[in-house]
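Residue numbers run from 1 in the order of the sequence given.
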Amino acid sequence: SKSAPHPLSEALLAEIDNGGTPPLMATDPTEGLAEVFYGVGDALAGEGGLDMGIVFLQLAIYLKPDFPLAHIALAEAYETAKKYDAEIEAFGHIPEDSPLWINVQIQKAFALNSLEKVDEAKALLEKILAKSPKDGRPMDALGNLLRSHERYDEAHEYYSRAIDLIDEPTKQNWALYYSRGVCNERLKNWPQAEADFKQALELAPDESLILNYLGYSWVDQGMNLKQAMDYIRKAVKLKPNDGYYVDSLGWAHYRLGNMPAAVEHLERAVELRPDDPIINDHLGDAYWRVGRKLEARYQWGQALWLKPEDDLIK
């Protein structure tokens with residue numbers, strides 16, 4: 001499948017098309033050494049050698065202060081280390097005329113979100129959107145940011161605006177439809193949610209997220225149970241160690257009345273995701289139905305101890 005074009009590659013192609021000659025990567029030994037340190041640092045940071053990677057990236061920047069790729073790699077290393085203030089500072093070195101500027105601002109907004117500065121992150125993305133009103137990236141980012149805080153109405157608006165910019169949907173666009181579908185489902189707009197999930201699945205038929213969400217939603221509503229089971233089985237086959245997918249499979253068996261299979265899969269789901277109250281609750285329900293009432297009460301108690309949402313507590 002065709003991947004999204006990289007902003008630097010697009011800028012380089014545009015320069016060549018306009019008759020320009022791209023500059024050399026290094027024009028003297030110092031710049032050459034900076035490139036070496038950058039390459040080593042980026043590789044180390046990506047392969048688990050985070051501390052040494054940061055050191056090499058800092059050396060690259062010391063030798064070549066105007067080095068956007070090294071600043072971005074350093075910022076991403078700080079993100080991995082959960083040093084969000086340092087990440088934001090590193091991103092601050094990317095000039096506004098860089099092809100990477102919008103991508104960097106989006107990453108900066110998510111760093112602000114990690115620091116619990118949600119409104120500041122939203123304001124930053126809104127500012128980018130005001131400058132580039134036809135760019136879907138900040139719209140998608142705003143949707144993701146707001147959805148993560150369960151602000152589904154607002155998120156839905158931004159996803160819809162991004163979708164409205166699409167002339168002909170391609171596989172690249174599946175996440176926008178999936179994300180808007182989640183918002184619609186949470187807002188109890190099921191027909192619209194189902195349409196979004198089906199569109200996402202048409203674009204990306206092997207995406208386990210869509211298969212599981214649509215399949216689970218159908219099962220929970222007692223709809224299209226056979227197709228729902230097929231979708232969930234496919235999701236589990238794609239990611240057999242995902243506790244949420246295994247839970248969906250167990251819950252599908254529960255809704256179909258196949259209690260032994262429900263217990264088997266839900267026990268496995270709890271092993272994979274012991275900290276999830278809904279999965280523990282599902283296992284409690286299955287235990288109760290097969291007469292294992294003491295264990296059922298234990299699982300329900302565990303679900304309550306894990307502080308679920310108010311509607312589940314009832």
Side-chain angles (χ1 to χ4, degrees), residues 147-148 150 152 177-201 204-314:
R147 180 164 64 96
S148 72
E150 301 182 1
Y152 298 115
Y177 288 97
Y178 167 80
S179 299
R180 189 174 70 174
V182 172
C183 292
N184 273 318
E185 186 269 329
R186 295 300 172 92
L187 293 167
K188 304 193 185 306
N189 302 327
W190 176 247
Q192 296 95 318
E194 187 176 47
D196 279 334
F197 290 137
K198 284 180 174 178
Q199 176 66 74
L201 202 57
D206 292 324
E207 278 295 340
S208 57
L209 269 175
I210 317 166
L211 290 162
N212 179 67
Y213 207 115
L214 179 55
Y216 180 86
S217 297
W218 275 341
V219 164
D220 217 35
Q221 297 174 65
M223 299 167 59
N224 304 332
L225 291 176
K226 185 181 181 304
Q227 191 172 16
M229 183 68 92
D230 289 343
Y231 283 174
I232 294 166
R233 280 201 180 106
K234 188 175 178 181
V236 171
K237 190 174 180 182
L238 287 164
K239 290 194 174 178
N241 292 322
D242 189 303
Y244 295 115
Y245 299 171
V246 177
D247 169 64
S248 295
L249 185 57
W251 196 237
H253 280 294
Y254 179 93
R255 295 303 295 260
L256 289 166
N258 186 357
M259 295 305 151
V263 168
E264 178 189 343
H265 290 298
L266 291 169
E267 284 179 335
R268 169 76 175 140
V270 167
E271 283 178 17
L272 292 166
R273 300 291 313 192
D275 56 346
D276 188 277
I278 293 174
I279 298 176
N280 279 276
D281 176 52
H282 284 169
L283 180 57
D285 293 355
Y287 278 155
W288 187 267
R289 291 288 298 275
V290 296
R292 294 165 64 175
K293 297 191 173 182
L294 185 64
E295 290 163 285
R297 287 193 179 96
Y298 171 80
Q299 290 304 145
W300 291 330
Q302 183 74 358
L304 286 167
W305 182 77
L306 290 165
K307 297 180 181 174
E309 293 179 8
D310 290 343
D311 59 339
L312 183 59
I313 289 172
K314 292 173 188 175

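Side-chain contact between Trp218 and Tyr231: present, with at least one pair of heavy atoms (C-beta onward) separated by less than 4.5 Å. Leu249 places a side-chain heavy atom less than 4.5 Å from the side chain of Met229. With a 4.5 Å cut-off on side-chain heavy atoms, Tyr244 and Leu272 do not count as touching. At least one side-chain heavy atom of Leu201 sits under 4.5 Å from a side-chain heavy atom of Leu211. Side-chain contact between Glu194 and Asn224: present, with at least one pair of heavy atoms (C-beta onward) separated by less than 4.5 Å. Under the 4.5 Å side-chain criterion, counting only non-hydrogen atoms from C-beta, Asp247 is in contact with His282. Annotation: side chain of Trp251 is not in contact with side chain of His265 (no heavy-atom distance under 4.5 Å). Residues Met223 and Leu225 fail the side-chain proximity criterion, which asks for heavy atoms closer than 4.5 Å.
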Does the ring-ring contact (aromatic ring centres under 6.0 Å, His included) test come out yes or no for Tyr213 and Phe197, once each step is laid out? CA-CA 8 Å; Tyr213 207 115; Phe197 290 137; 5.0 Å; yes
Go through the steps to decide whether Ile313 and Leu304 satisfy the test side-chain contact (heavy atoms from CB on, under 4.5 Å), and finish with yes or no. CA-CA 7 Å; Ile313 289 172; Leu304 286 167; 4.1 Å; yes
I'd like to know whether Arg292 forms a side-chain contact (heavy atoms from CB on, under 4.5 Å) with Arg297, so could you lay out the CA-CA distance, the side-chain angles of the two residues, the decisive distance to 0.1 Å, and finally the verdict. CA-CA 9 Å; Arg292 294 165 64 175; Arg297 287 193 179 96; over 6 Å; no
Steps toward side-chain contact (heavy atoms from CB on, under 4.5 Å) verdict (Leu283, Tyr254): CA-CA 10 Å; Leu283 180 57; Tyr254 179 93; over 6 Å; no
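Rounding to the nearest 0.5 Å gives a distance of 7.0 Å between CZ of Arg273 and CD1 of Ile279. Residue Leu306 holds its CG atom at 11.0 Å from CD1 of Ile278, rounded to the nearest 0.5 Å. Distance CG/Asp206 to NZ/Lys237: 10.5 Å, rounded to 0.5 Å. Annotation: the span from Leu238 atom CG to Glu207 atom CD amounts to 8.5 Å, rounded to 0.5 Å. Atom CD1 of Ile232 and atom OG of Ser208 lie 12.5 Å apart (nearest 0.5 Å).
Donor-acceptor pairing under 3.5 Å is recorded for the side chains of Trp300 and Asp285. Side chains of Gln199 and Tyr178: a donor-acceptor N/O pair is absent below 3.5 angstrom, by distance only. Between the side chains of Glu267 and Tyr287, at least one donor-acceptor pair of N or O atoms lies under 3.5 Å. No hydrogens or angles considered: a donor-acceptor pair under 3.5 Å links the side chains of Asn241 and Arg268. Looking only at atom types and distance, the side chain of Gln299 has a donor-acceptor partner in the side chain of Asn280 under 3.5 Å away. In the model, Trp190 has no side-chain atom that pairs as donor or acceptor with a side-chain atom of Asn184 under 3.5 Å.
No more than 12 heavy-atom neighbours from other residues, nucleotides or ligands sit within 6.0 angstrom of CG on Leu294. The number of heavy atoms from other shown groups lying within 6.0 Å of NZ (Lys234) is above 12.
The closest donor-acceptor contact from the side chain of Arg289 to the backbone of Met259 lies at 3.5 Å or more, if one exists at all.
Closest heavy-atom contact between Gly250 and Ala262: O-CB, 3.5 Å. In this structure, Ser248 and Asn212 approach most closely via the heavy-atom pair OG-OD1, 2.6 Å. Here the closest heavy-atom approach between residue Ala303 and residue Asp281 is recorded as CB-N, 3.9 Å. Nearest heavy atom pair, residue Ala235 against residue Tyr245, reads O-CD1, 3.6 Å. What you find for Gly243 and Ala269 is that their closest heavy atoms are O-CB, 3.6 Å.
The pair Arg147-Glu185 fails the salt-bridge criterion, with no side-chain N (NZ, NE, NH1 or NH2) lying under 4.0 Å from an Asp/Glu carboxylate O. Under the 4.0 Å criterion applied to side-chain N and carboxylate O atoms, Lys226 and Asp230 are assigned as salt-bridge partners.
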